[in-house]
Enquirer: 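First the structure, which I've put down as structure tokens, then a few questions once you've had a look.
Order of appearance sets the numbers: ligands from 1, and atoms from 1 within every ligand.
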Amino acid sequence: MMDVCIVGGGAAGLCAAVLCARGGIRVTLLEALPRVGKKLLATGNGRCNLTNLHVSPECYRGDRALLSAVLGRFSPDDARAFFASLGLVTYADPEGRVYPRTEQAASVLDVLRLACGELGVRTLTGSPVERVTRDGKGFLVICEAQTLRADRVLIAAGGRAQSGFTGYELAKRLGHTVTPLTPALCAVPVDPQSVRALKGIRLRADVTLLSGDQAVRRTSGEVQFTERALSGICVFDLARDAVRLPDTTLSLDLLPDAADTLQMLCDRAAKMPTRAVEDFLAGLLPKRAATVLLRTAYPGALTDPVSALSPAALRTLAGLLRDWRFHPKGSAAWELAQVTSGGVPACELTDTLQSHVCPGLYFAGEIVDVDGDCGGFNLHWAWTSAFTVSQNIHAPI
Ligand SMILES: Cc1cc2nc3c(=O)[nH]c(=O)nc-3n(C[C@H](O)[C@H](O)[C@H](O)COP(=O)(O)OP(=O)(O)OC[C@H]3O[C@@H](n4cnc5c(N)ncnc54)[C@H](O)[C@@H]3O)c2cc1C
């Protein structure tokens, strides 16, 4: 019987443990923390958005060929069927995000943990793996208290985002490189001066990330302003590139459906000439957001009548409503990031996630240089990569 050691009892490690054990492999799961699946419990605000019906390689950053191969093996329906086989009932919301019917991430962890127990997976918690070395055709997996021998090793140790332990050093010592790591799916810190007056406001907008003058990506949704950052899912999805690319700007279009914004403002001004400038955008934007924009566009007193708004001020205001710019500043916080962008590069892996550098060694989950958008895509990557490994780990080396 083949012995497999899995480093990391998170989403990918637990899923791989179940699937390998179902395939007749003797599995030891090593988790550094006192309990498995800590991060899983925090997912989806405690509800665990475990996959998405609209999974495709375009929802991820990473090597296209690897993504197509791995995602092609385990669809969102396969993920739901896998969890159904463990007893978990799921539902999809109108956007295709899949959650457990209980709305509790703990249910996802429970069914994985129970299956591991039922299938005889040996789970060793409080066991950070310090080193993995080659031992003939197999491996030695070294923890503080013991050394285990394994025919194959799967490193599913997650990423740097919100993690105390990682597996990057283990991978490096086995000959791998790790691409630069940046926080992803997180708020984007901007010049605090530009957002201080907006703290707490939420606005619907199309958000474009620019690098220099080049539009890199556009998302839409609710933008939330914090004391020093732009937040909200549509911003999260831009965070990795906002940090990685040079000279980036976030441009907010607050009226993406308006045909002619300047004409709309001129009509509005004509209808309410005696209203104070500070109230010109009342009903269109939250008061504090309107005040910031009006102060930028109009040099006079905000108590002036709307009739005092010059054509130039209206043009500036129209421009701001369609292209309100914020400049990322400083690095996003690892402790707020949901995932890690960067990791073990695709060029060092086969399309079954086996190491080219060290045959018999496999990787799954966030440690691989793949990261997905918000919406269940990262957990889907954890399941699909675990599935891929479990189906191929028997291969002779
Ligand atoms: C707040 C938050 C909310 C999220 N919500 C969602 C969501 O709703 N949907 C979604 O798709 N994604 C979500 N994610 C992302 C998702 O949680 C990760 O993509 C996923 O958990 C990655 O799975 P993994 O198994 O690779 O890593 P992890 O789940 O992080 O598991 C890795 C495990 O390995 C252990 N480990 C590390 N190093 C060692 C070592 N040397 N020895 C032994 N053990 C080790 C760690 O302690 C950890 O338990 C969220 C993330 C966060 C932080």
Enquirer: With no hydrogens and no angle check, just 3.5 Å: does a side-chain donor-acceptor pair link R160 and T166?
Expert: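 Judged by distance alone, the side chains do not pair up.
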Enquirer: Would you say the ring centers of F363 and H176 fall short of 6.0 Å from each other?
Expert: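 F363 vs H176: aromatic centres under 6.0 Å.
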Enquirer: Hey, is W381 touching ligand 1 through its side chain, its backbone, both or neither, going by heavy atoms under 4.0 Å?
Expert: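 Neither; no heavy atom under 4.0 Å.
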Enquirer: Do me a favour and list the nearest non-hydrogen protein atom to atom 39 (C) of ligand 1 with residue, atom name and distance?
Expert: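 For atom 39 (C) of ligand 1, the nearest protein heavy atom comes out as F165 CB, 3.8 Å.
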Enquirer: For T182 and R240, does a side-chain donor sit closer than 3.5 Å to a side-chain acceptor?
Expert: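 There is no such pair between these side chains.
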Enquirer: Have T352 and Q354 got a donor and an acceptor in their side chains that come within less than 3.5 Å?
Expert: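 Looking only at side-chain atoms, Q354 and T352 do not form any donor-acceptor pair under 3.5 Å.
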Enquirer: Could you pull out, from G10, S163, G372, S385, the option with a heavy atom nearest to atom 31 (O) of ligand 1?
Expert: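 Nearest heavy atom to atom 31 (O) of ligand 1 lies in G10.
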Enquirer: Which ligand 1 atoms does G365 reach within 4.0 Å, using its non-hydrogen atoms?
Expert: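 Selected atoms, number and element: 26 (O).
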Enquirer: May I ask you to list the atoms of ligand 1 that are less than 4.0 angstrom from any heavy atom of L30?
Expert: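 Near L30, meaning under 4.0 Å from one of its heavy atoms, ligand 1 has 43 (C), 44 (N).
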Enquirer: Can you tell me how the ring of W324 sits relative to the ring of F225, calling it parallel under 30°, perpendicular over 60° and tilted otherwise?
Expert: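 W324 vs F225 ring planes: tilted.
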Enquirer: For Y99, does the six-membered ring have the charged nitrogen or CZ of R47 within the cation-pi criterion, i.e. under 6.0 angstrom from the centroid and within 45° of the normal?
Expert: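 Pair R47/Y99 counts as cation-pi.
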Enquirer: Whether the T219 and D237 side chains hold a donor-acceptor pair (N or O, under 3.5 Å, no angle test) is what I'd like checked.
Expert: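 Absent: no donor and acceptor within the cut-off.
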Enquirer: Which of the numbered atoms in ligand 1 are under 4.0 angstrom from any heavy atom belonging to S127?
Expert: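 The list of qualifying atoms is 43 (C).
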Enquirer: Answer yes if the side chains of R325 and S251 hold a donor-acceptor pair under 3.5 Å, and no otherwise.
Expert: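 Side-chain D/A pair, R325 to S251: absent.
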Enquirer: For atom 19 (O) of ligand 1, what is the nearest protein heavy atom, given as residue, atom name and distance?
Expert: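 For atom 19 (O) of ligand 1, the nearest protein heavy atom is N378 CB, 3.3 Å.
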Enquirer: Between D373, D241, D371, which is the residue that forms a salt bridge (Lys or Arg N to Asp or Glu O under 4.0 Å) with R61?
Expert: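 Testing R61 for a salt bridge (Lys or Arg N to Asp or Glu O under 4.0 Å) against D373, D241, D371 leaves exactly one candidate, D371.
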Enquirer: For L379, which part has a heavy atom under 4.0 Å from ligand 1: side chain, backbone, both, or neither?
Expert: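 The answer is both, backbone and side chain.
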Enquirer: Can you list the atoms of ligand 1 that are under 4.0 Å from a heavy atom of V129?
Expert: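 Counting from 1, the qualifying ligand atoms are 40 (C), 41 (N), 42 (N), 43 (C).
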Enquirer: Please report which non-hydrogen protein atom sits nearest to atom 27 (O) of ligand 1, along with the residue it belongs to and the distance in Å to one decimal place.
Expert: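 So the nearest neighbour among protein heavy atoms is G158 CA, 3.2 Å.
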Enquirer: If you measure from each heavy atom of A161 to ligand 1, is any distance below 4.0 Å?
Expert: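 The answer is no, since A161 has no heavy atom less than 4.0 Å from ligand 1.
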Enquirer: Could a heavy atom of K39 be found less than 4.0 Å from some atom of ligand 1?
Expert: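 K39 counts as a contact of ligand 1 under the 4.0 Å cut-off.
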Enquirer: For ligand 1, does V339 get within less than 4.0 Å through its side chain, its backbone, both, or neither, judged by non-hydrogen atoms?
Expert: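 Answer for V339: side chain.
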Enquirer: Does the pair R204 and E222 meet the rule for a salt bridge (charged side-chain N to carboxylate O under 4.0 Å, His left out), with working shown?
Expert: CA-CA 4 Å; R204 293 205 71 76; E222 189 182 75; 5.1 Å; no
Enquirer: Does any N or O atom in A11 lie less than 3.5 angstrom from one in ligand 1, N or O only?
Expert: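 Between A11 and ligand 1, an N or O pair is found under 3.5 Å apart.
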Enquirer: So, does L33 sit close enough to ligand 1 that a heavy atom of it is under 4.0 Å from the ligand?
Expert: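 Yes, L33 has a heavy atom closer than 4.0 Å to ligand 1.
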Enquirer: In terms of atom number and element, which parts of ligand 1 are under 4.0 angstrom from non-hydrogen atoms of A42?
Expert: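 By the 4.0 Å cutoff, the relevant atoms are 1 (C), 3 (C).
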Enquirer: Please state which protein non-hydrogen atom is closest to atom 17 (O) of ligand 1 and give its distance, to 0.1 Å?
Expert: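 Its nearest protein heavy-atom neighbour is T43 CG2, 3.3 Å.
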Enquirer: If you measure only the distance, is there a donor-acceptor pair under 3.5 Å linking the side chains of Y298 and D304?
Expert: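 Judged by distance alone, the side chains do pair up.
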Enquirer: Heavy-atom pairs closer than 4.0 Å: do any link ligand 1 to the side chain of T166, the backbone, both, or neither?
Expert: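 Looking at T166 and ligand 1, just backbone atoms fall under 4.0 Å.
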Enquirer: Using distance alone, decide if ligand 1 has a nitrogen or oxygen within less than 3.5 Å of any nitrogen or oxygen in N49.
Expert: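 For ligand 1, there is an N or O atom that lies under 3.5 Å from one belonging to N49.
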Enquirer: Determine whether the side chains of R22 and S85 contain a donor N or O and an acceptor N or O closer than 3.5 Å.
Expert: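 Yes, a side-chain donor-acceptor pair sits under 3.5 Å.
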Enquirer: Hey, what do you get for CZ (F165) to CD (E130), rounding to the nearest 0.5 Å?
Expert: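 These two atoms lie 9.5 Å from each other.
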Enquirer: Taking atom 32 (C) of ligand 1 as the point of reference, which of A157, A364, G8, A382 owns the nearest heavy atom?
Expert: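 Looking at heavy atoms only, the winner is A157.
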Enquirer: What I want to know is whether A12 and ligand 1 share at least one N or O pair that is separated by under 3.5 angstrom.
Expert: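 The answer is yes, given that A12 and ligand 1 share an N or O pair closer than 3.5 Å.
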Enquirer: Ignoring hydrogens, what is the shortest heavy-atom contact between L294 and V277? Give both atom names and the distance.
Expert: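 Closest approach of L294 to V277: CD1-O, 3.2 Å.
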Enquirer: Under 3.5 Å, is there a donor-acceptor pair between the S75 and D78 side chains?
Expert: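 Their side chains do contain a donor-acceptor pair, which is all the 3.5 Å distance test asks for.
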Enquirer: Would you tell me whether E31 and T123 have side-chain atoms, one donor and one acceptor, within less than 3.5 Å of each other?
Expert: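 Not at all, the side chains of E31 and T123 share no donor-acceptor pair under 3.5 Å.
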Enquirer: Do R322 and T261 have a side chain donor and acceptor closer than 3.5 Å?
Expert: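 Note: R322 and T261 side chains meet the donor-acceptor criterion.
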Enquirer: Tell me whether L170 has any N or O atom under 3.5 angstrom from an N or O of ligand 1.
Expert: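 L170 vs ligand 1: no N/O contact under 3.5 Å.
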Enquirer: Is any side-chain heavy atom of C15 less than 4.5 Å from a side-chain heavy atom of F82?
Expert: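 C15 reaches F82 side chain to side chain.
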Enquirer: Suppose I only count heavy atoms of P128 and a 4.0 Å limit; which atoms of ligand 1 are within that range?
Expert: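 So the atoms of ligand 1 that pass are 42 (N), 43 (C).
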Enquirer: With heavy atoms of V7 as the reference, note each atom of ligand 1 found under 4.0 Å away.
Expert: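 Every atom of ligand 1 under 4.0 Å from some heavy atom of V7: 40 (C), 42 (N), 43 (C).
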Enquirer: Pick whichever of A32, G159, A156 has a heavy atom sitting closest to atom 43 (C) of ligand 1.
Expert: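 Heavy atom nearest to atom 43 (C) of ligand 1 belongs to A32.
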Enquirer: Give yes or no for whether the N/O distance cutoff of 3.5 Å, strictly under, is met between C48 and ligand 1.
Expert: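 No, since none of the N or O atoms of C48 sits under 3.5 Å from an N or O of ligand 1.
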Enquirer: Write out the residue and atom name of the closest protein heavy atom to atom 5 (N) of ligand 1, then the distance separating them to 0.1 Å.
Expert: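 Residue, atom and distance for the closest contact: G44 N, 3.1 Å.
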Enquirer: Counting only nitrogen or oxygen atoms and a 3.5 angstrom limit, does E366 reach ligand 1?
Expert: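 For ligand 1, there is an N or O atom that lies under 3.5 Å from one belonging to E366.
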Enquirer: Look only at interatomic distance and state if E31 has a nitrogen or oxygen under 3.5 Å from any nitrogen or oxygen of ligand 1.
Expert: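 Checking ligand 1 against E31, an N or O pair does fall under 3.5 Å apart.
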Enquirer: Taking only heavy atoms of F377, which atoms of ligand 1 are found under 4.0 Å from at least one of them?
Expert: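 It comes down to these atoms of ligand 1: 11 (O).
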Enquirer: Give me the nearest non-hydrogen protein atom to atom 2 (C) of ligand 1 as residue plus atom name, then the distance to 0.1 Å.
Expert: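 Its nearest protein heavy-atom neighbour is Q338 CG, 3.9 Å.
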